[in-house]
Student: 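My structure is below; once you've seen it, I'll send some questions.
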Amino acid sequence: VIPALGFALSVNASLRGPCAMVAARAAAKAENIAANGLESDTTTLKSITETLDFSDSVDDSKSKREDGNADKNTRSNDRNISEVSSTKKTNTEESADKDGHDRIFDYEFGGPAGALATTLALPAVVLVLAHFASVGHVDLKTLQFLWVDPKSLHSILCPGCSEDLFILVKCTCGIAAWFLFQVALERCLPCELVKGPPLKDGSGTRLVYRINGHLAFWFTLLVVEVGWPYLEGDGSGTWRVQFGRAPLTLLYDFYTELALATIILCCGLSIYLYLRSFKTGLLLADGGNSGNHFYDFFIGRELNPRWGSFDWKEFCELRPGLIGWALLNMAMMAKQYEKLGYISGSMILVNIFQFLYVWDGLYQERAILTTMDITTDGFGFMLVFGDLAWVPFTYSLQARYLVDHDPNLGLLALAAIVATNCLGYTIFRGANGQKDAFRRNPDAPEVSHLTYLQTKRGTRLLTSGWWGMARKINYTGDWIMGLSWCMVCGFESIVPYYYAIYFAILLVHRSIRDDHMCRAKYGADWEKYKSLVPYRFIPGVI
């Protein structure tokens with residue numbers, strides 16, 4: 001009933017046209033809407049209102065001038081910023097621009113060597129984490145044994161291959177079919193045609209995107225629940241097609257094999273995208289056009305690879321991986337019920353928490369059109385692998401762990417975890433809501449009492465309310481929510497806490513990068529602002 005209701009509401013929303021945007025949050029990677037300081041969100045608002053053609057957009061002339069100035073300066077600062085790695089190392093190398101003049105290229109990720117190492121390491125990390133979640137602990141003994149007997153590598157890469165040599169082929173076909181199914185939904189379901197921000201080549205061109213990810217999400221759930229096709233014979237040689245519930249538990253049975261199949265397809269897609277980027281007349285990303293093959297393959301050369309109106313980058317950003325993450329969680333829940341005869345409170349909570357996270361990102365699909373993933377970064381192995389393999393197969397680790405290692409938490413512990421999640425959500429949504437209200441209309445009753453620092457650029461930095469507590473208070477709320485996902489697994493193993501550890505490193509890295517950018521952008525005003533709001537994450541602590 002719930003998928004059917006959601007599907008009906010989504011169709012209604014798609015046919016009705018654009019609706020008002022709420023606080024922007026598009027997935028794991030969409031948190032960078034606030035990345036360039038509090039004031040820079042006026043830039044985001046300008047891009048979004050232009051994209052959606054709001055009739056009730058801000059009409060204050062001063063705000064429009066400020067938005068324009070912020071837009072120009074923000075675009076100039078967006079170059080060579082990445083949202084995926086939790087560590088960043090910048091190297092420089094001289095190369096020639098299109099006019100033949102020498103220029104300095106800023107490398108990230110340790111330059112070509114670091115990019116190559118990351119490309120080789122990420123697939124291994126995904127498969128090792130899947131193995132750890134299966135056994136319930138950090139299994140160093142098995143990893144050490146692989147050095148002695150490399151032939152046993154299949155126990156981590158493809159456990160099912162020892163029984164069925166063609167299982168990897170079947171899983172690869174299944175992943176490819178899943179991808180094509182999402183492509184068909186993107187092409188065929190009702191959509192909103194939304195213009196993105198102007199391209200960076202200065203032509204003023206704005207690409208048009210088909211926005212129907214929210215509808216595709218509910219349609220997928222409807223098919224999984226009641227529309228999965230089966231062939232059934234009646235014993236007389238006659239076959240007929242019937243529809244029912246999808247065999248989701250197969251996703252648990254072949255979890256690692258599916259991850260390996262996805263990695264293989266990610267490598268194939270990345271190679272194709274890199275080779276096609278050498279066609280003439282394509283718009284290239286500044287950060288992925290170094291001239292070094294290893295580095296450019298990892299970062300991505302072409303900015304907006306397309307087949308006609310089909311945009312590879314925007315599609316992969318939210319569709320197959322994010323929806324796949326939700327399905328993997330549901331599959332783990334179905335498997336736990338099959339094995340135990342019941343669903344634990346921890347499994348229910350992690351499914352609810354992460355389902356809402358996925359739904360929120362797809363519901364606000366338009367928000368990603370103004371993020372650096374779309375406007376600045378090329379589409380190479382980094383984003384392909386992150387979107388299609390990293391997100392579904394590492395973010396679902398908690399649910400995978402709970403199938404075989406549920407801690408059987410009591411009601412009091414579960415209630416405390418719910419309270420933790422609500423605390424994080426309150427901080428995250430409250431901070432972003434306050435920021436959004438201020439950028440739309442600083443004189444609105446709900447934000448008119450807030451104090452701010454007037455910068456020499458003519459823009460304002462909030463110094464009270466949520467943003468007077470800490471400069472990155474929204475990051476704190478987001479991390480607390482992620483921590484609650486891990487807490488449902490108890491405290492017997494560090495494996496399910498991978499996400500909290502990884503996300504903490506990522507957010508610290510982002511905050512350091514943001515501080516550097518804002519110091520260059522605001523100069524002395526930024527130091528004055530930091531003296532007024534001295535804490536970065538937690539008021540009175542850090």
Side-chain angles (χ1 to χ4, degrees), residues 31-46 62-63 65-83 85-92 104 106 108 287 370-372 376 427-428 430-440 442-443 447-479 504-542:
E31 295 112 355
N32 60 13
I33 289 176
N36 294 326
L38 307 183
E39 173 273 329
S40 67
D41 283 324
T42 56
T43 304
T44 303
L45 174 64
K46 180 175 183 291
K62 180 179 178 181
S63 297
R65 290 195 299 272
E66 290 177 357
D67 287 348
N69 293 332
D71 187 63
K72 294 176 183 177
N73 286 282
T74 301
R75 283 200 300 268
S76 68
N77 285 329
D78 274 346
R79 182 171 174 264
N80 298 326
I81 296 174
S82 172
E83 292 293 300
S85 178
S86 61
T87 58
K88 171 181 175 182
K89 179 178 178 182
T90 302
N91 300 320
T92 58
I104 300 297
D106 294 327
E108 295 182 291
T370 56
T371 64
M372 285 180 289
T376 305
I427 296 172
F428 179 86
N432 282 331
Q434 188 178 79
K435 172 189 61 185
D436 293 338
F438 186 81
R439 75 185 185 188
R440 288 186 175 91
D443 298 321
V447 293
S448 60
H449 64 285
L450 298 176
T451 60
Y452 55 86
L453 172 66
Q454 186 73 45
T455 69
K456 295 182 179 64
R457 293 168 48 86
T459 52
R460 303 168 179 177
L461 299 175
L462 284 171
T463 57
S464 66
W466 285 106
W467 299 97
M469 297 181 186
R471 301 191 299 276
K472 296 298 178 185
I473 191 71
N474 59 329
Y475 284 8
T476 303
D478 205 3
W479 183 81
I505 296 172
L506 177 63
L507 293 181
V508 170
H509 164 253
R510 286 181 179 177
S511 69
I512 295 172
R513 181 209 64 198
D514 296 345
D515 186 75
H516 174 76
M517 291 179 60
C518 290
R519 184 182 295 110
K521 186 174 184 179
Y522 296 108
D525 283 335
W526 184 247
E527 297 304 322
K528 184 177 180 181
Y529 169 70
K530 289 174 66 176
S531 68
L532 295 172
V533 187
Y535 299 104
R536 182 173 296 187
F537 297 114
I538 304 175
V541 180
I542 184 174

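Numbering starts at 1 and runs along the sequence shown.
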Student: Any idea which heavy atoms bring Tyr529 and Trp467 closest together, and the distance?
Tutor: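 That would be OH-O, 3.9 Å.
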Student: Any sub-3.5 Å donor-acceptor pair from Ser464's side-chain atoms to Thr451's backbone N or O?
Tutor: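 Indeed, once roles are kept as given, a pair shorter than 3.5 Å links the two residues.
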Student: Return the set of residues passing side chain to side chain donor-acceptor pair (under 3.5 Å) with Ser448 (not counting sequence neighbours), or none when no residue passes.
Tutor: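 For Ser448, no residue satisfies side chain to side chain donor-acceptor pair (under 3.5 Å) once neighbours in sequence are set aside.
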Student: Should the heavy atoms of other residues, nucleotides or ligands under 6.0 Å from CZ of Phe537 be counted, would the total exceed 12?
Tutor: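 Buried by this count: over 12 neighbours within 6.0 Å.
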Student: Between Ile427 and Ile473, does a side chain to side chain contact (heavy atoms under 4.5 Å, CB included) hold up when you go through it step by step?
Tutor: CA-CA 7 Å; Ile427 296 172; Ile473 191 71; 3.8 Å; yes
Student: Determine yes or no for a side-chain-to-main-chain donor-acceptor pair under 3.5 angstrom, with Thr455 supplying the side chain and Asp525 the backbone.
Tutor: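 Checked: no pair found.
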Student: Determine whether a donor-acceptor pair (N or O, by modelled atom type, separation under 3.5 Å) exists between the side chain of Gln454 and the backbone of Gly458.
Tutor: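 Flag set: sc Gln454 to bb Gly458 pair under 3.5 Å.
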Student: Is any side-chain heavy atom of Asp514 closer than 4.5 Å to a side-chain heavy atom of Tyr475?
Tutor: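 Yes, close enough: below the 4.5 Å cut-off.
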Student: With a 3.5 Å distance limit and no angle check, can you tell me whether Gln434 reaches the backbone of Trp466 through a side-chain donor-acceptor pair?
Tutor: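 Flag set: sc Gln434 to bb Trp466 pair under 3.5 Å.
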Student: Flag the pair Lys528 / Leu453 as yes when at least one side-chain heavy-atom distance between them is below 4.5 Å, and no otherwise.
Tutor: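 Lys528 vs Leu453: side chains touch.
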Student: OH/Tyr535 to CE/Met469 distance, rounded to the nearest 0.5 angstrom?
Tutor: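 Going from OH on Tyr535 over to CE on Met469, the span is 13.5 Å.
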Student: For a 4.5 angstrom cut-off between non-hydrogen side-chain atoms, does Lys472 reach Thr476?
Tutor: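 Not in contact.
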Student: Roughly how far apart are Asn474 CG and Phe428 CZ, rounded to 0.5 Å?
Tutor: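 CZ of Phe428 is found 6.5 Å from CG of Asn474.
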Student: What I'd like to find out is whether the side chain of Arg457 reaches to under 4.5 Å of the side chain of Tyr522, using heavy atoms alone.
Tutor: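 Answer yes - side chains close enough.
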Student: Show me the pairs that pass salt bridge (Lys or Arg N to Asp or Glu O under 4.0 Å) and involve residues 529-542, at least two apart or across chains.
Tutor: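 Found Asp515-Lys530.
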Student: Output the distance between atom CG (Leu506) and atom CZ (Arg510), rounded to the nearest 0.5 Å.
Tutor: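 Spacing of CG (Leu506) from CZ (Arg510) equals 4.0 Å.
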Student: Can you tell me if Thr463 uses its side chain to pair, donor with acceptor, with the backbone of Leu532 under 3.5 Å?
Tutor: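 No, because the side chain of Thr463 does not come within donor-acceptor range (under 3.5 Å) of the backbone of Leu532.
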